[in-house]
Amino acid sequence: MAASKNPAAEGWSDKCKRIGREMVKRRWMYFLLIPGIIFFTLFKYVPMYGLKIAFMDYNQYNPSQSTWVGLDQFIKLFSKRSFIPVLRNTVVISLLKLIIGFPIPVILALMMNEMRNLKFKKVSQTLLYLPHFISWVILSGIIMTLLDADNGLITTFINKIAGSRIMVLTDSKWFVPMLIVTDIYKGMGWGTILYFAAISGIDPQLYEAASIDGAGRWKQATNITLPSIIPTIVVVFIMNCGNILNAGFDQIFMLYSSHVYDVADIIDTYVYRMGIEKNDYSFSTAAGMFKSVVAFVLILIVNKIAKKTGNEGLF
């Protein structure tokens, strides 16, 4: 007598067939994913092969002569006195950008959603989006011109108010606040896009019912709009927490100098100096790998907390 089929195997087979039919049905949607898959494969996954350098004493002139050293590069990283201030600077700058900058796109989206003049609303959105498309190379040049210690427009204005000469780009006390303000300026408009998309999905009947009950625009915004976009806010927050050790290499590298290393030298600039300038590729790879592992762990932790508190997580 023939043996009966395994129900578990049949279930898996049926599931695969269902997924296959779904992919064929929506083949053009999946076709649009191909450029993204190619990009992530070539520039995100393939380079992971190079992580082995972090466990080697890499010889860039003759890679075949490289020797395997295990965790020695990581021990060297954490035993260096210069790394602790770098880690501190990275965390401080990232946390300040997150705490101060994260709520601003949410507030802007709520405010602009209440604008009744559509023409003014579109112009405002365009002006807010524009800085995002300006590279840090160009924007840094503009910032350095405006903050020039002798002839900068903003510096001259600040000096008149303060009554003393302030050099923002070379003073450790002013450099970090300048980083926070310019980062918020560049990204706040672009950050509103996801929230606008979430707001557009809210059922208009909710607003009509609230209006009939006598709720004003403020109560509608706080009791309907804001709670409706909370899942989007949580997802964006989780993703931002994964970048807690990305303090902004492009911005800082273009603006900082040796005068502000004590507050502005971050892991990315440290890796650049150690890897490119000093040719210590194994050490710089270990530092970069440490940053990636911390980011991954933070995403898992924040995602778990979000789910425990009743919010939708990232996965």
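Note that the structure is a prediction, hence the values are computed from the model and not measured.
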Measure across [X] and [Y] and return the closest heavy-atom pair with its distance rounded to 0.1 Å.
| X | Y | answer |
| --- | --- | --- |
| I229 | A198 | CG2-CB, 3.6 Å |
| P227 | P231 | O-CD, 4.0 Å |
| A109 | I199 | O-CD1, 4.0 Å |
| G242 | A295 | O-CB, 2.9 Å |
| Q73 | M56 | NE2-O, 3.4 Å |
| K186 | P131 | CG-O, 3.4 Å |

Residue pair [X] / [Y], side-chain heavy-atom distance below 4.5 Å:
| X | Y | answer |
| --- | --- | --- |
| T155 | D148 | no |
| I184 | V181 | no |
| I34 | F39 | no |
| F290 | L87 | yes |
| K291 | N246 | yes |
| I224 | I202 | yes |
| V260 | D171 | no |
| I233 | L226 | yes |

Please say whether more than 12 non-hydrogen atoms of neighbouring residues, nucleotides or ligands are located less than 6.0 Å from [atom1] in [X].
| X | atom1 | value |
| --- | --- | --- |
| H132 | NE2 | yes |
| M29 | CE | no |
| M144 | CE | yes |
| L153 | CG | no |
| F249 | CZ | yes |
| Y129 | OH | yes |
| R116 | CZ | yes |

Examine distances only and state if a side-chain atom of [X] and a backbone atom of [Y] form a donor-acceptor pair shorter than 3.5 Å.
| X | Y | value |
| --- | --- | --- |
| T126 | K122 | yes |
| Q220 | T225 | no |
| S140 | V137 | no |
| N59 | N62 | yes |

Strictly below 4.0 Å, N to O, side chains only: are E22 and R18 in salt-bridge contact? no

Does the distance from a Lys or Arg side-chain N to an Asp or Glu carboxylate O, for D213 and K219, drop under 4.0 Å?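 Salt bridge between D213 and K219, a charged N being under 4.0 Å from a carboxylate O: no.
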
Cluster link [X] to [Y], ILVMFWY, side chain under 4.5 Å:
| X | Y | result |
| --- | --- | --- |
| M289 | I53 | no |
| M188 | V123 | no |
| Y281 | Y61 | no |
| L130 | L146 | no |
| V46 | L33 | no |

As a quick check of understanding, evaluate side-chain contact (heavy atoms from CB on, under 4.5 Å) for V236 and Y195, giving each step before the final call. CA-CA 10 Å; V236 174; Y195 303 121; 3.5 Å; yes

Please confirm whether W136 and F253 have ring centers closer than 6.0 angstrom. no

Are Y256 and F175 an aromatic pair, judged by ring center distance below 6.0 Å?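 F175 vs Y256: aromatic centres not under 6.0 Å.
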
Distance check, rounded to the nearest 0.5 Å: [X] atom [atom1] versus [Y] atom [atom2]?
| X | Y | atom1 | atom2 | value |
| --- | --- | --- | --- | --- |
| S200 | N113 | OG | CG | 9.5 Å |
| L255 | L147 | CG | CG | 8.5 Å |
| N89 | Y270 | CG | OH | 12.0 Å |
| D183 | K97 | CG | NZ | 4.0 Å |
| I99 | I180 | CD1 | CD1 | 9.5 Å |
| K173 | I166 | NZ | CD1 | 7.0 Å |

Any side-chain donor-acceptor pair under 3.5 Å between [X] and [Y]?
| X | Y | value |
| --- | --- | --- |
| D57 | S282 | no |
| Y272 | S284 | no |
| T182 | Q251 | yes |

Distance under 6.0 Å and angle within 45° of the ring axis: does R273 meet both against Y261?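 Ring-cation test returns yes.
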
With a cut-off of under 6.0 Å to the ring centre and 45° to the axis, is K76 in cation-pi contact with F83?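 Judged by the rule (NZ or CZ under 6.0 Å from the ring centre, within 45° of its axis), K76 is not positioned above F83.
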
Could you walk me through whether I252 and I93 pass the side-chain contact (heavy atoms from CB on, under 4.5 Å) test, one step at a time? CA-CA 10 Å; I252 294 175; I93 293 172; 4.1 Å; yes

Start with the C-alpha gap between F120 and M115, add the side-chain angles, then the distance that decides, and say whether side-chain contact (heavy atoms from CB on, under 4.5 Å) holds. CA-CA 8 Å; F120 179 74; M115 290 182 180; 3.9 Å; yes

Any ring-ring contact (aromatic ring centres under 6.0 Å, His included) pairs touching residues 214-237, not counting sequence neighbours? F102-F237

Does any pair with a residue in residues 140-160 pass ring-ring contact (aromatic ring centres under 6.0 Å, His included), and if so which ones, sequence neighbours excluded?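 Every candidate ring-ring contact (aromatic ring centres under 6.0 Å, His included) pair involving residues 140-160 fails, so no pair, neighbours aside, qualifies.
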
What verdict does the side-chain contact (heavy atoms from CB on, under 4.5 Å) test give for Y58 and T285, after you've listed the backbone C-alpha separation in whole Å, the side-chain angles of each residue and the deciding distance to 0.1 Å? CA-CA 10 Å; Y58 185 70; T285 303; over 6 Å; no

